[in-house]
Amino acid sequence: MSKPTTLFEKVWADHVVVEETTDTPAVLYIDLHIIHEVTTPQAFSLLRDSKLRVRRPDLTLATLDHSTPTTPVSTFRDLLVAGEGAANQVRQMEQNCAEFGIDLLGYGSGKRGIVHVIGPELGATQPGKTIVCGDSHTSTHGAFGALAFGIGTTEVGHVLATQCLLQRKPKTLAINVDGALPTGVSAKDIILAVIGEIGVDGGTGHVIEYRGDAIRSLGMEARMTICNMSIEGGARAGMIAPDETTFAYLQGRERAPRADAWDTAVARWRALRTDEGAAFDKSVSIDAANLTPMITFGTNPGMVVGIDEPVPESADASFRKALDYMQVESGKPMTENAVDVVFVGSCTNGRLSDIQEAADVLKGRKVADGVRMLVVPGSELVKAEAESHGLDKVITAAGAEWREAGCSMCIGMNGDIAQPGQLSVSTSNRNFEGRQGVGARTVLASPATAAASAVAGHVADPRKYA
Amino acid sequence: MKPVTRIESRTVVLPTRDIDTDQIIAARFLTTTSKDGLGKSAFYDLRYGKDGAPKEDFPLNRPEAEGCNILVAGNNFGCGSSREHAPWALLDYGFEAVISTEIADIFRNNSLKNGLVAIVIDTDTHDWLLDNPGASLVIDVESTMLTLPDGRTVPFHLDGFARYCLVEGVDQLGFLQKQQDAISAFEENRPWQP
């Protein structure tokens, strides 16, 4: 009998074009390359200068998300809301895609959106694929049992030209999450607790596999939230073995296999699981039953506590520096902090179920005076779907802004930013210094916690707004 | 790529842990379509105050940092985003090497592909370097040895292929393109098509 292997090892082995040696990395084939306007211009310039073509435009999915305004766009002038540089990047992307024969899901397509939202919703993200993108949150697609990770622009050029990457095989880290998730606690709280446990470098050099009955019980959008933040624990990729939930999500989607091809694909996908007895390099266990809503207090996602716990103490210089920046005090709960801005959106929490979760809290309530709340759907399709459920009405009736799809305030490249010193409760993935604007103080939380905080006017426990 | 075999310089030290790529280069500087000229934006919000004046106490702004081309940073340098603008900015600023006890995966990959020597050393040596800013070091890429001011040498970690590419100035795209036949064979023979 062959040696038991992990899910990751199966997908890796299926894509090795040339095996790695002590002297050289493996040549790994890439099944889906997702590209956007910010991390590709220099790669296209390289191709142009070297007189190279794109090897597989059919395996390249292109969209516009990072530099796009979240106000309506119908002309080039409308793009200037995000600034001249951002507008030029969008125009450059349109030209590059046209020149190299890549179909761009841009303005007018009705399918534009955040790279990690549109891949899954179009059914392009599938179990067992290798998926890369010049964006570290590419780990999101691992929720389908794909091996998906972020790459730099040089590597974007490599994939455009050869559809392959030079890669060293990473180690494996099992994260077991068992137990029943309490009411009011969501996938975002699970992953924040995981990062709090392993630290922001706990996964460096590893691919995570999320396992256990608490993970199995989650829907696909929640699983994407978990895998999305693998990189915040230092792991380039996070994976979840595909199951009936995965297949039900994919069936009938635009780019999913159809008819006989569907049955063949599902049969292949069912084999994508870690064998009994397969070894991981490291493993960590979390009890879901003990989790509460989580909230960050510092300047990285590992600096996180339960919503009713006090901010911890430490004499460490980096820790003190983070608390000074955040203007929070050890020994006090985060709920004492007044809120200026609330952002619901991003590749972490910008899908229909996330917007629904926020709308459930907002329904019949008002955003507190002096708080600005932005709700930004992850894609044009998410926006249309949310509107068909009337969620936009709930959101605007509460006094929040319902905006156009894009990365928006997660990265603050498009003019959607918080002002210096403002406290932002955000459903995004990074609370780094200045991430949402120079001097802005970001607190990461679930959509329910974000919405509850908008209503309360201070960081709030969503269980009190159920 | 230009070969990088040996770096000799004094150090500048940023002791903070987990310095992320947003600190190295903030997102508002990413609306460019070129790699050039990003050095002026490196560590911008750490280097300059709200009024745009340099913060005198920031290590890079101190007069003794002039001409220091080796950056010694706290553990887990370069965590966060995949933006290659981070190593482009550090190179354009004048850095040739980054030393830490841990360097985030994507940032390290991006750095090495651009000739920024991102290396990992042991905790004791790292502690000494954090305590002694301005130390004169020699980084020998070929032998993967770091020489301290007292002449002592310590090994550092660098992937063998990355070292080969640095020392020989190998363009990794060229290396991949030599595998075209194997790639075509893989595409034709795989049991399923994406």
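Lettering of chains follows the sequences in order, A, B, ..., and the numbering in each one begins at 1.
In this structure, Q23(B) contributes its side chain and E433(A) its backbone to a donor-acceptor pair below 3.5 Å. Proximity of a side-chain donor or acceptor of E84(B) to a complementary backbone N or O of T154(A) within less than 3.5 Å is detected. In this structure, S82(B) contributes its side chain and D135(A) its backbone to a donor-acceptor pair below 3.5 Å. In this structure a side-chain-to-backbone donor-acceptor pair under 3.5 Å is missing from D22(B) to R435(A). Remark: side-chain polar atoms of Q89(A) are paired, donor with acceptor, to backbone N or O of T32(B) under 3.5 angstrom.
F161(B) places none of its side-chain heavy atoms less than 4.5 Å from the side chain of D23(A). Inter-residue side-chain proximity for R17(B) and K321(A) is flagged as unmet; no heavy-atom pair is nearer than 4.5 Å. With a 4.5 Å cut-off on side-chain heavy atoms, H158(A) and K113(B) count as touching. Inter-residue side-chain proximity for T153(A) and W88(B) is flagged as met; some heavy-atom pair is nearer than 4.5 Å.
G234(A) and D105(B) get closest at one heavy-atom pair: O-OD2, 3.8 Å. Here the closest heavy-atom approach between residue D201(A) and residue E102(B) is recorded as OD2-OE1, 2.5 Å.
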Does the pair Q180(B) and R55(A) meet the rule for a side-chain contact (heavy atoms from CB on, under 4.5 Å), with working shown? CA-CA 10 Å; Q180(B) 293 285 9; R55(A) 183 181 178 93; 2.6 Å; yes

Using the side-chain contact (heavy atoms from CB on, under 4.5 Å) rule, take N414(A) and R28(B) through it: C-alpha gap first, then chi angles, then the decisive distance, then the call. CA-CA 8 Å; N414(A) 70 336; R28(B) 65 183 185 278; over 6 Å; no

Checking side-chain contact (heavy atoms from CB on, under 4.5 Å) for the pair I106(B)/I231(A): CA distance, chi angles, key distance, verdict? CA-CA 10 Å; I106(B) 306 179; I231(A) 185 65; 3.9 Å; yes

List the steps, then state whether side-chain contact (heavy atoms from CB on, under 4.5 Å) holds for T24(A) with F175(B). CA-CA 10 Å; T24(A) 51; F175(B) 184 89; 3.8 Å; yes

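No hydrogens or angles considered: nothing links the side chains of R430(A) and T21(B) as a donor-acceptor pair under 3.5 Å. Using a 3.5 Å distance cut-off with no hydrogens or angles, the side chains of D20(B) and N300(A) do not pair a donor with an acceptor. Side-chain contact, Q179(B) with T162(A): no donor N or O sits under 3.5 Å from an acceptor N or O.
The side-chain hydrogen bond (donor to acceptor under 3.5 Å, both in side chains) test applied to S139(A) returns no partner, not counting sequence neighbours.
When heavy atoms are compared at a cutoff of 4.5 Å, A86(A) approaches chain B by way of both its backbone and its side chain. Only the side chain of V27(A) comes within contact range of chain B, judged by heavy atoms closer than 4.5 Å. V17(A) touches chain B through backbone and side chain together, each having a heavy atom under 4.5 Å away. With a 4.5 Å cut-off on non-hydrogen atoms, V16(A) touches chain B through its backbone but not through its side chain. Contact annotation for L32(A): neither backbone nor side-chain heavy atoms come within less than 4.5 Å of a heavy atom of chain B. Looking at L52(A), the atoms closer than 4.5 Å to chain B (heavy atoms on both sides) all sit in the side chain, from C-beta outward. For D316(A), the part sitting under 4.5 Å from any heavy atom of chain B is the side chain, from C-beta outward, and nothing else.
Highest contact tally toward chain B, considering only V438(A), L166(A), N88(A), D14(A), is held by L166(A) [criterion: heavy-atom pairs under 4.5 Å].
Classification of the W192(B)-H15(A) ring pair by plane angle, with boundaries at 30° and 60°, yields perpendicular.
Counting heavy-atom neighbours within 6.0 Å of Y164(B) OH, excluding the residue itself, gives a total of 12 or less.
The residues R190(B) and D31(A) are annotated as salt-bridged, a charged nitrogen and a carboxylate oxygen being separated by less than 4.0 angstrom.
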